[in-house]
Amino acid sequence: MTATWALACPRCGRAALLEAPLGERGTVVAFTVLSVPGDEFLNDAPYAYVVVELDGGGRVTGWMPSIKSEGDLAIGARVHFVPGYKPGVQFARDADAPVPR
Amino acid sequence: MREAWVVGAASNRFGKMKETGREAATRVAFEAIRQSGLEPKDIGYTFVSNCFGLTEKQGHVGPLINGGLGIPEVPSCTIESACSSSSAGLHEAFVHVAGGFLDAALVVGVEKLSHLDTLSATSYFAEAADYPFETKNGATFPGLYATLASAYQQAFPMKPEVLGSVAIKNHANAARNPHAHFQKEISMDTYLRSPMIASPLRLYDCCPFSDGAAAVVVAAKEFVKHPVTEPLVVRASARAGSITEMQDRPDLLGLPASRAAADTAFRQAHLERRQIDFLEVHDCFTIAELLALEDMGFVPRGTAGTAEVDGVTARDGKLPVNPSGGLKAKGHPVSATGASQVVEIFEQFNGLAKGREVPRTDTALAHNVGATGGSCSVHIFSRR
């Protein structure tokens with residue numbers, strides 16, 4: 001996946017941006033399980049919204065439809081990208097779904 | 001630079017308004033001007049905030065408000081900075097008055113959301129987030145602050161009762177504030193039994209969707225000469241911005257814009273943290289009050305929960321925080337919130353905060369955040 005929404009780095013201001021492939025696996029650094037969604041996720045709640053530190057560097061946000069309560073996930077959990085059935089970046093726990101090689 | 005004063009500040013009761021946003025805005029603006037001892041014709045500019053006016057099918061509301069005040073010839077514009085909109089308007093008023101471009105300016109913030117259901121309101125609020133990276137991944141505002149809360153809890157483990165103590169305090173204060181949306185106290189049991197909205201945040205961790213309007217009149221000291229109320233001297237008016245998206249922040253402990261705006265404000269004011277008598281801070285969610293106290297340097301990182309539980313932030317504590325009830329219990333009519341924080345400080349300074357007085361009212365600080373910290377305003381006030 002690519003994410004080119006900026007013309008300069010929001011941290012250092014340099015405009016010399018390079019495209020780089022992101023790792024497909026990572027570690028949850030923060031998350032919440034939402035019971036009250038917005039209109040685009042009306043039929044998906046509960047689900048988790050996650051911030052993931054990817055292996056090889058870079059952080060992304062995404063969501064996890066397989067997480068139904070706070071106890072289903074923990075900071076430090078290993079997750080990976082999975083194909084989504086709707087727009088947005090979707091993750092699954094390594095323990096729950098096949099991990100890409 | 002000239003000395004600028006807040007000479008009038010008025011609010012309606014937050015909650016559910018029968019009248020339109022425009023009508024409510026005109027009413028509180030009229031009251032704030034009346035209170036100031038100035039005349040509507042003294043106003044040189046009206047800065048209006050009304051983020052969700054389009055849901056009432058009404059844009060460009062400034063000239064309508066001015067028309068209703070009998071001053072249609074006065075220029076106006078709309079200032080949008082999400083939940084920090086009317087403090088951004090206050091900053092504009094300050095800059096123009098202190099800079100000598102205006103003698104007096106009107107700041108009005110108004111929001112009406114009660115004609116929308118929870119789903120629509122949640123979705124409109126989410127529009128202030130980053131759509132492709134946050135909203136499209138299922139984030140809502142409770143969800144984003146809950147994510148910050150999860151990172152905070154990971155670094156500084158705390159029991160649910162810590163966030164509960166913030167909610168209980170702010171409800172107790174709002175119970176004594178006639179402008180407040182929720183004028184009732186809650187117990188820890190009520191807090192703990194309220195449903196989870198976005199873990200770890202429960203219903204009673206969240207501010208309500210409120211209608212409301214608030215207005216502030218800012219004027220140059222030399223223009224007012226003989227104030228009819230106890231004016232608030234604007235000692236600092238600072239704004240800051242920062243990376244808004246969770247994935248791009250260097251860390252998730254706090255809001256960098258709060259740190260930057262507070263540092264700038266204290267430099268402007270030539271004051272130390274310990275010289276501030278009480279605070280109105282942006283507690284859209286209970287966790288946000290902890291982050292605000294730590295970000296602005298009133299307590300060390302990781303210790304705000306202890307300060308809350310120990311009563312430091314209570315109305316009669318060493319550093320009262322949100323004597324108005326805060327966004328949490330006074331309510332959060334987005335664009336009116338920043339101005340309404342100044343209303344509370346004005347009422348405290350003028351002995352109008354009956355039943356919720358704080359012990360000392362010589363200095364106060366107002367902290368107002370836009371969304372999850374992409375924007376922040378910090379204002380510091382003192383007596384003459």
Side-chain angles (χ1 to χ4, degrees), chain A residues 1-6 8-13 22 26-54 57-65 67-77 81 84 86-91, chain B residues 116-127 129-155 157 160 194-203 205-206 241-253 256 285 287 374:
Chain A
M1 73 175 270
T2 57
T4 50
W5 294 88
C9 171
R11 290 199 194 181
C12 74
L22 295 176
T27 304
V28 173
V29 295
F31 77 99
T32 179
V33 179
L34 289 98
S35 318
V36 182
D39 50 4
E40 293 179 39
F41 285 73
L42 188 57
N43 300 317
D44 301 293
Y47 58 88
Y49 175 76
V50 290
V51 182
V52 175
E53 178 86 35
L54 293 172
R59 276 186 182 187
V60 293
T61 51
W63 74 294
M64 299 178 66
I67 303 299
K68 297 298 179 192
S69 78
E70 201 178 356
D72 292 346
L73 193 64
I75 290 177
F81 287 120
K86 61 195 293 180
V89 176
Q90 197 171 309
F91 287 95
Chain B
L116 305 172
D117 57 24
T118 299
L119 179 63
S120 309
T122 302
S123 306
Y124 277 115
F125 268 52
E127 286 179 5
D130 181 322
Y131 179 73
F133 282 108
E134 295 177 333
T135 315
K136 224 166 77 175
N137 286 327
T140 60
F141 264 103
L144 290 168
Y145 274 93
T147 305
L148 293 174
S150 82
Y152 187 89
Q153 275 188 328
Q154 179 74 7
S194 67
M196 206 62 98
I197 300 296
S199 64
L201 301 182
R202 296 168 162 79
L203 178 64
D205 287 301
C206 306
S242 75
I243 295 172
T244 181
E245 302 92 333
M246 300 281 162
Q247 75 275 10
D248 287 334
R249 296 184 189 196
D251 72 73
L252 294 173
L253 297 177
F285 302 92
I287 181 69

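Each chain gets a letter, A, B and so on, in the order the sequences are listed, and its residues count up from 1. All heavy atoms count here, side chains included; hydrogens, waters and symmetry mates do not.
For the set B/A121, B/G138, B/A126, B/A151, the count of heavy-atom pairs under 4.5 angstrom toward chain A peaks at B/G138. For the options A/K86, A/E53, A/E40, heavy-atom pairs under 4.5 Å to chain B are most numerous at A/E40.
For a residue to count as touching a neighbouring chain, one of its non-hydrogen atoms must lie under 4.5 Å from one of that chain's; by this rule B/P200 touches chain A with backbone and side chain alike. Only the side chain of B/I243 comes within contact range of chain A, judged by heavy atoms closer than 4.5 Å. Both the backbone and the side chain of B/A139 come within contact range of chain A, judged by heavy atoms closer than 4.5 Å. For B/Y131, the part lying near chain A is the side chain, with the backbone staying farther off; criterion is any non-hydrogen pair under 4.5 Å. Using a 4.5 Å cut-off between heavy atoms, A/V36 contacts chain B through both its backbone and its side chain.
Between B/M196 and A/S35 the shortest heavy-atom distance is O-OG, 3.2 Å.
Not counting sequence neighbours, the partners of B/T140 by the side chain to side chain contact (heavy atoms under 4.5 Å, CB included) test are A/L34, B/T122, B/P142. Listed by chain and residue number, B/Y152, B/A155, B/F156, B/D251, B/R301 satisfy the side chain to side chain contact (heavy atoms under 4.5 Å, CB included) test with B/L253 (two or more places apart in sequence, or in another chain).
The closest donor-acceptor contact from the side chain of B/N137 to the backbone of A/V89 lies under 3.5 Å.
Counting heavy-atom neighbours within 6.0 Å of A/Y47 OH, excluding the residue itself, gives a total above 12.
Note that OH of A/Y49 and OG of B/S150 are 11.0 Å apart. Values are rounded to the nearest 0.5 Å. Note that CZ of B/R249 and CZ of A/R59 are 11.0 Å apart. Values are rounded to the nearest 0.5 Å. Note: A/T61 OG1 to B/E245 CD = 8.5 Å, rounded to the nearest 0.5 Å. Here B/K136 contributes atom NZ and A/F41 contributes atom CZ; the two are 9.5 Å apart, rounded to the nearest 0.5 Å. We find the CG-OG1 distance between B/L201 and A/T32 to be 6.5 Å, quoted to the nearest 0.5 Å.
Between B/F133 and A/V60 the shortest side-chain heavy-atom distance does not fall below 4.5 Å. A heavy-atom distance below 4.5 Å is found between the side chains of A/P10 and B/D248.
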